[in-house]
Structure formats: structure tokens, C-alpha cells
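Below: one structure, written as C-alpha cells.
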Amino acid sequence: MNKLDPIRIFLKVAELESFSGAAQQLGLPNTTVSANVRELEEDFGVRLLQRTTRRVKLTQEGAAFYARSRDLLDEFDELGAMFDGDADGLTGRLRVDLTVGIAARIVLPRLKEFMARHPRLEINLSTTDRRVDVVREGFDCVLRSGPLADSSLVARPLGSYRMVNCASPAYLEAFGTPRTLADLARHRIVHYDALLGGSAPVWEWFDGERTRLAPVGGMLTVNGTACFEAACRAGLGLIQAPDVGIRAYLDSGELVDVLPDFRPEPMPVAFVYPSRRYVPARTLAFMEWVQELLAPYLDPR
């Protein structure tokens, strides 16, 4: 281990508020993590972390040490990144989180190209509909859609997903094709709700000035995008979804675009990453590459 490794270990423990969590993410024994933090405290003659049976918290001195150490390591990494653009491409490990649909349909079919450009880069790809904790779970960048609420993260806006309304041919044959909002009274939607029952099904549309909502019937609520799309294809109801996720089904005729004049407002999408002065070249390169892949599906606003 080099002289900076104990500092890196301390930072990870502080961010996760857990010795065991840091050990798991770093691939080190718990005893090694504890010993390195203890060494730092002995070297500097201060207690950096307050340990309890349930969690680990920074002391006042630890918070100051954390801030200065974070800057120090960012500057050191920046020095190393000066050589990231060599003939062998980027290096290091990149930990990213994408939604299941974007990963499966857009990124993975083309990822071989990115990896061929950077054969020494290791990519850890997480795919989930759950909103991950970027800092605590150690992600370099995460793709998020919808409003952003976490001000502790830096956002890189990419644009907005175009939204569409659609249904399967079998559903439309059974219930008819809606032409007006009034027609929705005899239709049902497949409702997407991450909390399963936390909200009532509504029809959403943008009138050019603001978003409007209308109650609509819904017999099925799901909390995953894969099931959301599958339910629509199975004829269980109408859905309102980003075009990027269902374009292939619309092009093949497996789904049909309906009510084009009553679509939701485009959904903003952005990469978010931990707040720091320096962002590794590998993280920037990956975000720029994914933005290029998504460009055909995005409005610039």
C-alpha cells in the first residue's frame, strides 16, 4: 500500500459511515481498514472518527481533515489524469448506475466500442430503478431522469426525453382508440409508482404552459420499468413513457402511439456525480459518450 492509501481508506469510511461498508467496497479485510484509520489518528494525534455500536461519525477534527484530504487526493488524481489520454486510453475503475432500459437498449449494445478504445478501463455497471445513494454507494456517476433534489451532487444536464402515449393493438381492439381526453373515461392505464400505492393513477399532459392532470382508471400498478412496458405490450392498459424506452416497439408495431396532442412535458435527464473540484477523465469520457448515444432521443431543453 502506498502512503496515500490510508487517507483513501479513511475517506471511504467517512463517506459510508461504516468500516465494514468501506472494507466491502475497497475489497479489503475489516482489520486492514480499521488499522489504517487508527494509524492516521496516531500519526496526527487526533481522533478523526467517533465510533458507536451502530454508526461512525466524523469528529470536528475529522471533518476538517476530510475536507483537506479530499482536495489533496483530487489534486493528486488530477496529476495522474494528465496521462489518461495516452495511446492505451483511460485507466482505473469506473462505477456507474443506469436505468435497466437505457443500459439494455442503448449502452450495452455499443459498450464494446467504448471498451475497445480504453482496454485498461474497468467498468462496474449497476442497473436498477431504485434511486441509489451516489456517495454512500461509491458511484462515479449516475444517470437520473426527472427533477433533481440532491443539492450535494453536481448535475450535468443532457436534455429531456420526449414522452409518448401508447397501447398495444390488442388493447385498442378491445377498448377502442382514444381520440380526446373525454375518451379516457372508458380506458385504463398501467400506473407506474415506485412506492406501489403511494399515488393515484392520473393522465398527465402539457398544454404549452403548464402540466395538467386528469384522474383515470387503473387496475394495475407496477414499480419497475421492465414490467411497465411488458404490461402495456400484454394489452393491460395505456402507458405514458419516454420515447427512448419504447421506440423499438412503436417502430415494430407492437405498440401504437395514441393521443399525440396530450403528451406529458419532456422529462429532464442528467448525469449526477459527487461534488468535487476534480472529475476523473474516465468519468467525463463515459458521460460524454453516453450523451452521444442518447442524443437522438433527447430534446435540447
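Hydrogens, waters and symmetry mates are skipped; everything else that's a heavy atom, side chains included, is used.
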From [X] [atom1] over to [Y] [atom2], what is the distance, rounded to the nearest 0.5 angstrom?
X	Y	atom1	atom2	value
Asn124	Leu94	CG	CG	8.0 Å
Arg282	Ile123	CZ	CD1	11.0 Å
Phe10	Leu48	CZ	CG	5.0 Å
Trp203	Ile189	CH2	CD1	7.5 Å
Leu293	Arg110	CG	CZ	5.5 Å
Ser20	Gln25	OG	CD	11.0 Å

Practice prompt. Check step by step if side-chain contact (heavy atoms from CB on, under 4.5 Å) holds for Phe206 and Met163.
Written response: CA-CA 11 Å; Phe206 186 65; Met163 302 293 290; over 6 Å; no
Which pair of non-hydrogen atoms, one from [X] and one from [Y], has the smallest distance, and what is that distance?
X	Y	answer
Val13	Val56	CG1-CG1, 4.3 Å
Ser126	Thr128	OG-CG2, 4.1 Å
Pro109	Ala103	CD-O, 4.0 Å
Ala241	Ile246	CB-CD1, 4.2 Å
Gly235	Ser168	CA-OG, 3.2 Å
Ala14	Leu58	CB-CD2, 3.8 Å

Could you list the cluster mates of [X]? Members are the ILVMFWY residues connected by side-chain heavy atoms closer than 4.5 Å, either directly or through other members.
X	result
Leu213	Val202
Tyr192	Val190, Leu220, Val222, Phe228, Leu236, Ile239
Leu196	none

Please determine whether residues [X] and [Y] belong to a single hydrophobic cluster, defined as Ile, Leu, Val, Met, Phe, Trp and Tyr linked transitively by side-chain heavy-atom distances below 4.5 Å.
X	Y	value
Leu294	Leu284	yes
Leu250	Ile106	no
Phe139	Val100	no

Can you pull the salt bridge (charged side-chain N to carboxylate O under 4.0 Å, His left out) pairs that have at least one residue in [range], sequence neighbours excluded?
range	answer
residues 90-109	Arg105-Glu229
residues 192-221	Asp207-Arg212
residues 283-293	Arg156-Glu288

Item to complete: List the steps, then state whether side chain to side chain donor-acceptor pair (under 3.5 Å) holds for Arg247 with Tyr297.
Response: CA-CA 9 Å; Arg247 173 46 49 191; Tyr297 305 95; over 6 Å; no
For residues [X] and [Y], determine if any side-chain heavy atom of one lies less than 4.5 Å from a side-chain heavy atom of the other.
X	Y	value
Leu255	Val164	no
Pro296	Val244	no
Val134	Pro274	yes
Leu184	Leu181	yes
Cys166	Cys232	yes
Val256	Thr177	no
Arg117	Trp289	yes

Worksheet item: Passes side-chain contact (heavy atoms from CB on, under 4.5 Å), Leu40 versus Phe65? Steps please.
Response: CA-CA 10 Å; Leu40 276 180; Phe65 186 83; 4.2 Å; yes
Worksheet item: Between Ile102, Thr127, Thr99, Val96, which is the residue that forms a side-chain contact (heavy atoms from CB on, under 4.5 Å) with Val107?
Response: Ile102
Tell me whether [X] contacts the main-chain N or O of [Y] through its side chain, where contact means a donor paired with an acceptor under 3.5 Å.
X	Y	value
Gln50	Thr59	no
Asn36	Ile9	no
Arg144	Val142	no

Item to complete: Could you pull out all residues at least two apart from Arg162 that satisfy side-chain contact (heavy atoms from CB on, under 4.5 Å)?
Response: Asp243, Asp299
Practice prompt. Just do the side-chain contact (heavy atoms from CB on, under 4.5 Å) check on Phe114 and Leu121 with the steps written out, would you?
Written response: CA-CA 10 Å; Phe114 184 78; Leu121 185 64; 3.6 Å; yes
Side-chain polar contacts of residues 169-176 - donor-acceptor pairs under 3.5 angstrom, sequence neighbours left out - could you list them?
from	atom 1	to	atom 2	distance (Å)
Tyr171	OH	His187	ND1	2.8
Tyr171	OH	Arg188	N	3.1
Tyr171	OH	Arg188	O	3.4

Fill in: Verdict with reasoning, Leu238 to Gln240, per side-chain contact (heavy atoms from CB on, under 4.5 Å)
CA-CA 7 Å; Leu238 304 163; Gln240 299 186 286; over 6 Å; no
Item to complete: Using the test side chain to side chain donor-acceptor pair (under 3.5 Å), find all partners of Asp257 that sit at least two apart in sequence or belong to another chain.
Response: Arg263
Worksheet entry | By ring pair (Phe, Tyr, Trp, His ring centres under 6.0 Å) - contacts of Phe271 (at least two apart) | none
Practice prompt. Under the ring pair (Phe, Tyr, Trp, His ring centres under 6.0 Å) rule, collect the residues that match up with Tyr66, sequence neighbours excluded.
Written response: none
Worksheet entry | Pairing residues for Arg38 by the salt bridge (Lys or Arg N to Asp or Glu O under 4.0 Å) criterion, not counting sequence neighbours | none
